[in-house]
Amino acid sequence: MDLNRQKLLEAYEMMKTIREFEDRVHVEFATGEISGFVHLYAGEEASAAGVCLQLDDRDKIASTHRGHGHCIAKGVEVKGMMAEIYGKQIGTCRGKGGSMHIADLDKGMMGANGIVGGGPPLICGAGLAAKTLGTGGVAVAFVGDGGSNQGTTLESLNLATIWNLPCIFVVENNGYAETTPSKWSVSLSGNAVDRAAGFGMPGVVLDGHDFFAVYETAGEAVDRARNGGGPTLIECKLNRYYGHFEGDTQTYRGPDEVKKVREAKDCLALFSEKVTRDGTISGADLQEIDDRVMQLIEDSVVEAKAAPKPPAADLLTDVYVSY
Amino acid sequence: MDLNRQKLLEAYEMMKTIREFEDRVHVEFATGEISGFVHLYAGEEASAAGVCLQLDDRDKIASTHRGHGHCIAKGVEVKGMMAEIYGKQIGTCRGKGGSMHIADLDKGMMGANGIVGGGPPLICGAGLAAKTLGTGGVAVAFVGDGGSNQGTTLESLNLATIWNLPCIFVVENNGYAETTPSKWSVSLSGNAVDRAAGFGMPGVVLDGHDFFAVYETAGEAVDRARNGGGPTLIECKLNRYYGHFEGDTQTYRGPDEVKKVREAKDCLALFSEKVTRDGTISGADLQEIDDRVMQLIEDSVVEAKAAPKPPAADLLTDVYVSY
Amino acid sequence: MARTITFKEAIHEALDQEMARDETVIMMGEDIVGGLHADGEDDAWGGVLGITKGLYAKYGDRLLDTPISESAFIGAAVGAATCGLRPVAELMFIDFMGVCFDQIFNQAAKFRYMFGGKAETPVVIRTMVGAGFRAAAQHSQGLYPVFTHIPGLKVVLPSTPYDAKGLLIQSIRDNDPVIFCEHKLLYSIEGDVPEESYAIPFGEANFVREGDDVTVVALGGMVHVAGEAAEKLAGDGIQCEIIDPRTTSPLDEDSIIESVEKTGRLVVVDESSPRCGMAADIASLVATQAFDSLKGPIQNVTPPHTPVPFCDELEDLYIPDAAQVETAVRRVAAGG
Amino acid sequence: MARTITFKEAIHEALDQEMARDETVIMMGEDIVGGLHADGEDDAWGGVLGITKGLYAKYGDRLLDTPISESAFIGAAVGAATCGLRPVAELMFIDFMGVCFDQIFNQAAKFRYMFGGKAETPVVIRTMVGAGFRAAAQHSQGLYPVFTHIPGLKVVLPSTPYDAKGLLIQSIRDNDPVIFCEHKLLYSIEGDVPEESYAIPFGEANFVREGDDVTVVALGGMVHVAGEAAEKLAGDGIQCEIIDPRTTSPLDEDSIIESVEKTGRLVVVDESSPRCGMAADIASLVATQAFDSLKGPIQNVTPPHTPVPFCDELEDLYIPDAAQVETAVRRVAAGG
Ligand SMILES: Cc1ncc(C[n+]2csc(CCOP(=O)(O)OP(=O)(O)O)c2C)c(N)n1
Ligand SMILES: Cc1ncc(C[n+]2csc(CCOP(=O)(O)OP(=O)(O)O)c2C)c(N)n1
Ligand SMILES: [Mg+2]
Ligand SMILES: [Mg+2]
């Protein structure tokens, strides 16, 4: 793996930024100042980071309702995101999209999505565009275990195979779709990866708390896709730390379920331990990142709160390019 | 196999009826007297017959745009069907459905379907009803190779597994969806059966020209379903003798493709040969059936042609039970 | 005996009473039990807003959680309806119709006609509609005009707890496919609702308020907005007759026409998108069937032809409000 | 240089010229090449009716056959449109929207708004609409009112070869998602069409016939039906002004209103279902915006609120005909 010190620090900062962003939104949501449906990605950071660190500017991703982590990992500006969640004019989408619709096409981030299974067809299109235009780009659809049962997702697997698209489907299996456990809803096995073969593509399942595992597997899939080898399905087994959305009391989960996962399987802790153990990176290096991240998140909240809402005229703008 | 003489004769008559029905519709269509889109099932008879002879009155099937064979195999009245294709009032659907929408719920035939992939979800419902009401019934969705790529079909596989439904999905892989070859469109392998495992169900592939193979496999699947063992996917590899629809010149097929299949793989010829070879059934027995079938089809055409069209008032009736 | 309960409770009660009355009524949807196959509490959610909570304890397997496969499970509800059950399927938000519409509009809606009158498909699809939840463009749409457009479907849009209960019971007993639209902002409103079971027939509008000056046809959440405006206008001597059609298909055309014959003036207030929407539908009805009674132009009060924005302030501007209704009524009252 | 060609040829020519002009134009759909991966002739079909036949020879891989997975490939067209291509996807029949509508109405239509103006989605969905093919309930629908209802979509409904070519070229060059509806009964009609490339702007109605007595707004195939009626009526001294909006979204409201201001009478003729349909939409427009010009009730001529029947005779009764238009025009001409 091509993980030099620089890249490791980058990975840590990315995951830490996601974590702090989500933890802070969790806190701020509780004050009542944030509206709408907000789904937090905390706990799943290694997946977004491991995949997106293998991507570059040519590459595209499509996300889900739980999109903040993917956005940050693909380079969307944190302050714009926070402001968007607050519905402000300086938000990534001028306050018109909100948490479930953050997108930044210039960054290759094709949008969070309010529709489960909305992303995979779009990613087939992104892959097709890359192939047709010869950009060398690849396209990644993130989808949940719940989303892996949506017909749009299943069709996309087949389409990517038969069109030989440079696409990667990352199933983030966090054990639940809302309250519904994936061990039941996904073919009774809980293994979305088992479907890959039937759709003619390689499938890899891995521990999604392990940044290194994700990074390595994603790298192989990206290489294959870039070299005309077609699509791959990667299933990351991982956990979400918060409820399905903010406000969820999570009584469907086992009593200590989240606590145990946080203790044993925290992707940031596992990462820190590993990189500091062998001495590549010191605790102080990480602390420096932590401080910077905390400041960024703090600033983003302060700026978001202070920013103006979009003007009334914005209600009517940007429905069409021209009409 | 529980195939006594009686059952064998029944199987032959069923397949022969389908064949003659389709051959005759082909001829009549060319005269211009039949309107609309007509998709003929000739060549695929062993699939419908082999499956439906394992079913009884409790059981339901859902069909496709290529529905005549399934209808006949599930006991829908031939004369009503022919009249329906002619758009007559005495037709199975009073002339309002036509070839693509023949249904007879009393016979457990839930409809041909103009929408590729329309049937499998409905069959999940039929299976659920059987399970909930404790009828002991099973439900079978026939779907083409093309239809096996429709999201509705793929979702249904998963649903049937996780709800443990008494459902059977029969993929009739006749090599093409319109002009598109299944060896390309179905995961590049042409094997829909490979998807069964990923959806947690047994999958069996077989020669769909071979009535005995279909009958035996369907019997096992029906037993499993009736006994609470859940769904099965069966892929029948077979061929269609006519074009996608009447009027198709089929230049996308290899020059002698159909001719060769007719010679080597005709399900009726294979069946006749086998049952007469061991002496269970004589050529005269079959001839008697042939004659009866020819007469039935002839009568059905004569009656259909002579029958009145539905009255104008029928345009407005039966939109709702009450409104 | 009537008590005051919420719209949400009224829906729960209708489901409960019908499941108790008729064993063939079953329910299915994402997380309508919620937690069933997981390690924590069963029946943890009872649907995303808790509406079905408690029913699993009573009816067990007659409630089915589903995967996120709307085509398959809505289609299963449709198929089961032709095989002796009366399924009530929950499409969490009507905005999700795009992944399952075929099973509704090409299958359920058309069986009876295509099959020459030989099918009945008593399926109900309960679904959340409307804006105001800050849920943005993909979770806030009306979309009932799309279903109203389809021959073979019935479309219900209750505005009060009383109507919600009676219309849902009718929906379940009805032998045609019904789209039952629950406006998410109405769940918490309260109203008098009899404990006993009752059904409200389809196609019978509710005269929410009688008045001689202006007919105001308002739908769903807009009934309350219109009521607010009417209250204000009454102070100025303008008497609105507020008609709530309650079902958009069938539509109680006679009541609307009769009222316009009396008042000569029409305002239609609806929260769905304006083009080919409910307001246009009703305005057209009157312009074709009761034109001679009209004393002046019809006024439609609807959102603009835009998606629903996220930000609170913009969303509030998007949704028609009492002030807009008031202005429209004053305009028609002054004209003609 | 104009020649007489068919509607079908006009569409083929528009596709050909745009593919030649702009390398980012690609096409995808079921069997639009047809036979490509099989053992016989490549390009055997060129789409189910042969419209795209011959384009594969010229443009090769820029035409993609697809599996029967409308969500995936229509969605792929949408996604590709945000990544620098201008895909023209073929949804064989508009009736199949039910298996892929989400990618059209929640994705393509809403990106620009949801993303704060930072997206362009120049995708065209070509699709066959309308009755008359004896294709029964699931292959004969209009359904363009459903797309017209959705903010963010543009909807095109050409009635002549000339318009088909010019509007399809505009659709491909347009930067918003466009639903391009081809009425299946029009494919064989002929008309003068320039060889060179030209684009007809959206939202500009065509005055098919000028007249002072009655405004007849007619759409798609109904333009010809209205023309037939108008011919007959002219003999009796009733002069119809026939307006073909050509695009239902945007709709050329001004032209319709201007004409009604002149004639004072309106008949709307449309083949889509009546409830929340195009006729209602246009009647409502006039009843709200040009009421004072109206001398009498508006008349809508549409099919009944039923699915499309199979049998020829019933289908012919279903589709509005010239006699019905004539009756409607006579009625409005006599009234007021
Ligand atoms: C088509 C559709 N159906 C249902 C929903 C409601 N919904 C939103 S998120 C969600 C669960 C998604 O689960 P999963 O895909 O596992 O993602 P996770 O929330 O676990 O990240 C559901 C049912 C939706 N948004 N879209
Ligand atoms: C949703 C949908 N998409 C496309 C079509 C058009 N169509 C009708 S039949 C057909 C091919 C079906 O192929 P297959 O499933 O293999 O069945 P076969 O015709 O070979 O029996 C297509 C594309 C349709 N009817 N419905
Ligand atoms: Mg999940
Ligand atoms: Mg096939």
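Numbered from 1 within each chain, the chains take letters A, B, ... in sequence-line order. The figures here come from the full heavy-atom set of this structure, side chains too, leaving out hydrogens, waters and symmetry mates.
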Out of [options], return the one with the most heavy atom pairs under 4.5 angstrom to chain C.
options: A:P311, A:C93, A:P181; result: A:P181
options: A:F245, A:F37, A:W184; result: A:W184
options: A:D145, A:D248, A:V186; result: A:D248
options: A:G147, A:G97, A:G118; result: A:G97
options: A:G146, A:S185, A:G144, A:P255; result: A:G146
options: A:V116, A:I115, A:T153; result: A:I115

What's the separation between atom [atom1] in [X] and atom [atom2] in [Y], rounded to the nearest 0.5 Å?
X: C:E30; Y: A:N149; atom1: CD; atom2: CG; result: 10.0 Å
X: C:D65; Y: A:E178; atom1: CG; atom2: CD; result: 10.0 Å
X: C:F310; Y: A:K88; atom1: CZ; atom2: NZ; result: 10.5 Å

task: Flag the pair A:K183 / C:D39 as yes when at least one side-chain heavy-atom distance between them is below 4.5 Å, and no otherwise.
output: yes
- prompt: Are A:H65 and C:H139 side-chain neighbours, meaning at least one heavy-atom pair lies under 4.5 Å?
  reply: no
query: Which pairs pass salt bridge (charged side-chain N to carboxylate O under 4.0 Å, His left out) with one or both residues in residues 126-146 of chain C, sequence neighbours excluded?
result: C:E90-C:R126, C:R126-C:E182, C:R134-C:D312, C:R134-C:E315, C:R134-C:D316
- request: Go through the steps for C:Q138 and A:N113 under the test side-chain contact (heavy atoms from CB on, under 4.5 Å), then give the verdict.
  value: CA-CA 8 Å; C:Q138 294 175 341; A:N113 213 307; 3.4 Å; yes
field: C:S71, part contacting chain A, at a heavy-atom distance under 4.5 Å
entry: neither
Residues of residues 315-323 of chain A within contact distance of chain C, non-hydrogen under 4.5 Å: A:L315, A:L316, A:V319, A:Y320, A:Y323
query: Contact part of A:T152 toward chain C, heavy-atom cut-off under 4.5 Å: side chain, backbone, both or neither?
result: side chain
- prompt: Which bit of A:I85 comes within less than 4.5 Å of chain C, counting heavy atoms only: side chain, backbone, both or neither?
  reply: backbone
Largest heavy-atom contact set with chain A, pairs under 4.5 Å, which of [options]:
options: C:C311, C:A136, C:P307; result: C:C311
options: C:T66, C:D95, C:D42, C:L36; result: C:T66
options: C:P309, C:A38, C:P67; result: C:A38

field: Other residues, nucleotides, ligands: >12 heavy atoms within 6.0 Å of C:K53 NZ
entry: yes
field: Modelled atom types, side-chain donor and acceptor of A:T179 and C:D31, under 3.5 Å
entry: yes
message: Is the ring pair C:W45/A:Y252 parallel, tilted or perpendicular, if the boundaries are 30 and 60 degrees?
response: perpendicular
